[in-house]
Amino acid sequence: MIPTVDQCRSLMEQYGMLDNIKAHSIMVERVASLLARSLVKAGENLVLEIVAAGALMHDIAKTECLATREDHAKKGKRICLDHQLYEIADIVAEHIVLAQFDSSHAVREKEIVYYADKRVSHEVVVSLEERLEDLLDRYGNNKEPLRKSIRKNFGLCRAVEKKIFARLPFRPEGLAMLVNSSDSVRTA
């Protein structure tokens with residue numbers, strides 16, 4: 001089942017999602033949905049409802065995992081499976097690190113949500129470089145192996161960005177302006 005926006009909001013409440021994490025998730029949905037709609041107009045075959053729901057639910061387990069220190073992507077996938085949200089479970093599981101990526105294949109919903117999450121710091125659309133610095137500051141904790149892993153993941157994210165924007169009539173630098181000027185926001 002693909003959850004509706006209202007069902008996603010209900011699950012956010014049920015799982016006690018903190019307001020700042022909700023705000024982040026809503027902005028990730030705005031970015032992801034704008035990209036998905038633009039890609040559909042460019043001829044890509046995507047399910048817009050899957051993108052929106054995956055984006056809204058990507059951090060469904062984060063609040064709980066802040067206390068337990070569990071992997072919130074894995075826990076989020078379990079939550080999705082527990083609620084029979086099979087269509088978005090892998091998107092939630094892979095929003096931090098994509099399991100597989102092929103630049104020659106069509107853009108997938110999980111790539112859009114993965115990328116959108118990397119472009120949103122708190123609830124502001126930023127460049128990949130700004131987001132990388134934010135994550136290194138917050139999670140790197142001067143631990144070089146973790147910092148190296150974060151940098152490697154952003155190398156993949158740059159490849160995803162290249163794949164997505166190769167099919168779009170605007171550049172990554174214009175994304176924030178487009179999102180902020182969009183008046184067709186589904187979650188507002």
Side-chain angles (χ1 to χ4, degrees), residues 1-15 17 21-63 65 71-120 123 125 128 131 153 156-157 159-170 172 175 178-179 182-188:
M1 172 179 87
I2 303 169
T4 65
V5 169
D6 287 340
Q7 289 168 325
C8 290
R9 287 177 185 230
S10 177
L11 287 166
M12 289 172 164
E13 292 301 319
Q14 180 179 338
Y15 286 91
M17 189 182 279
I21 298 172
K22 279 184 207 171
H24 167 77
S25 298
I26 289 167
M27 183 56 78
V28 169
E29 187 275 334
R30 288 179 64 187
V31 171
S33 289
L34 183 139
L35 290 170
R37 287 191 307 269
S38 299
L39 286 163
V40 166
K41 285 180 187 172
E44 292 290 324
N45 185 20
L46 297 161
V47 180
L48 299 177
E49 296 81 6
I50 289 176
V51 172
L56 287 171
M57 295 287 290
H58 80 278
D59 276 343
I60 189 64
K62 190 160 191 170
T63 300
C65 291
D71 179 326
H72 77 277
K74 287 180 184 175
K75 176 88 174 185
K77 179 179 180 174
R78 284 195 308 271
I79 289 169
C80 289
L81 295 175
D82 288 347
H83 291 276
Q84 292 81 46
L85 307 178
Y86 306 114
E87 292 84 353
I88 66 166
D90 284 340
I91 292 172
V92 172
E94 295 182 40
H95 81 273
I96 298 172
V97 178
L98 287 173
Q100 295 179 337
F101 174 71
D102 187 334
S103 62
S104 66
H105 288 139
V107 177
R108 299 177 301 161
E109 290 86 354
K110 67 174 69 177
E111 293 167 349
I112 295 169
V113 173
Y114 164 84
Y115 176 76
D117 183 44
K118 303 304 178 284
R119 288 295 306 269
V120 177
E123 58 188 275
V125 180
L128 285 181
R131 182 72 160 131
N153 191 36
L156 173 62
C157 196
V160 172
E161 179 178 73
K162 184 176 179 180
K163 178 180 178 179
I164 289 171
F165 283 90
R167 294 154 168 84
L168 294 176
F170 55 91
L175 185 59
L178 287 170
V179 169
S182 174
D183 47 61
S184 59
V185 179
R186 292 166 22 114
T187 58

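Just so it is clear, the values below take in all heavy atoms, side chains as well, and ignore hydrogens, waters and symmetry mates. By convention here, the first residue in the shown sequence is residue 1.
Each of Lys110, Glu161, Lys163, His95 was compared with Tyr115 under the side chain to side chain donor-acceptor pair (under 3.5 Å) criterion, and only Glu161 meets it.
Note that CG of Asp117 and CG of Asp59 are 6.0 Å apart. Values are rounded to the nearest 0.5 Å. Residue Arg30 holds its CZ atom at 12.5 Å from CG of Leu35, rounded to the nearest 0.5 Å. Leu34 CG to Leu39 CG: the interatomic distance, rounded to the nearest 0.5 Å, is 9.5 Å. Atoms CG and OG, on Leu175 and Ser38 in that order, are 9.0 Å from each other to the nearest 0.5 Å. Put simply, SG on Cys8 and CD1 on Ile60 are 8.0 Å apart, with the number rounded to the nearest 0.5 Å. Once rounded to the nearest 0.5 Å, the distance linking SG of Cys157 with CD1 of Ile164 reads 8.0 Å.
When all heavy atoms of Ala55 and Ala32 are compared, the pair lying nearest together is CB-CB, 4.1 Å. Contact detail for Ala116 and Val28: the closest heavy-atom pair is CB-O, 3.8 Å. Considering every non-hydrogen atom in both Leu81 and Ala89, the closest pair reads CD2-CB, 3.7 Å. Heavy atoms only, all atoms of each residue included: Arg119 and Leu128 are closest at CD-CD2, 3.8 Å. Scanning both residues, Val113 and Val51, for their nearest heavy atoms gives CG2-O, 3.7 Å. In this structure, Ile50 and Ile88 approach most closely via the heavy-atom pair O-CG2, 3.9 Å.
Within 6.0 Å of the CG atom in Asp82, the count of heavy atoms belonging to other residues, nucleotides or ligands exceeds 12.
The shortest distance between side-chain heavy atoms of Lys75 and Asp71 does not fall below 4.5 Å. Using a 4.5 Å heavy-atom cutoff, the side chains of Gln7 and Met1 are in contact. Residues His58 and Ile91 have side chains not in contact (no heavy-atom distance under 4.5 Å, counting atoms from C-beta outward).
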For side chain to side chain contact (heavy atoms under 4.5 Å, CB included), just list the numbers for His72 and Ile96, CA-CA rounded to whole Å, side-chain angles, deciding distance to a tenth of an Å, and then say yes or no. CA-CA 9 Å; His72 77 277; Ile96 298 172; 3.4 Å; yes
Show the numbers, then the answer: is there a side chain to side chain contact (heavy atoms under 4.5 Å, CB included) between Glu29 and Ser25? CA-CA 6 Å; Glu29 187 275 334; Ser25 298; over 6 Å; no
Checking side chain to side chain contact (heavy atoms under 4.5 Å, CB included) for the pair Phe101/Glu111: CA distance, chi angles, key distance, verdict? CA-CA 8 Å; Phe101 174 71; Glu111 293 167 349; 3.4 Å; yes
Side chain to side chain contact (heavy atoms under 4.5 Å, CB included) between Asn153 and Lys118: does it pass, once the steps are laid out? CA-CA 10 Å; Asn153 191 36; Lys118 303 304 178 284; 3.6 Å; yes
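A salt bridge does not link Glu123 with Lys22: none of the charged nitrogens is closer than 4.0 Å to a carboxylate oxygen.
With hydrogens and angles disregarded, a donor-acceptor distance shorter than 3.5 Å links the side chain of Glu109 to the backbone of Val47. With hydrogens and angles disregarded, no donor-acceptor distance shorter than 3.5 Å links the side chain of Glu49 to the backbone of Ile2. Using modelled atom types, no side-chain atom of Arg9 and backbone atom of Leu56 make a donor-acceptor pair closer than 3.5 Å. With Arg167 contributing its side chain and Ala106 its backbone, the two residues share no donor-acceptor pair below 3.5 Å.
Under the rule for a salt bridge (Lys or Arg N to Asp or Glu O under 4.0 Å), Glu87 has no partner lying at least two apart in sequence or in another chain.
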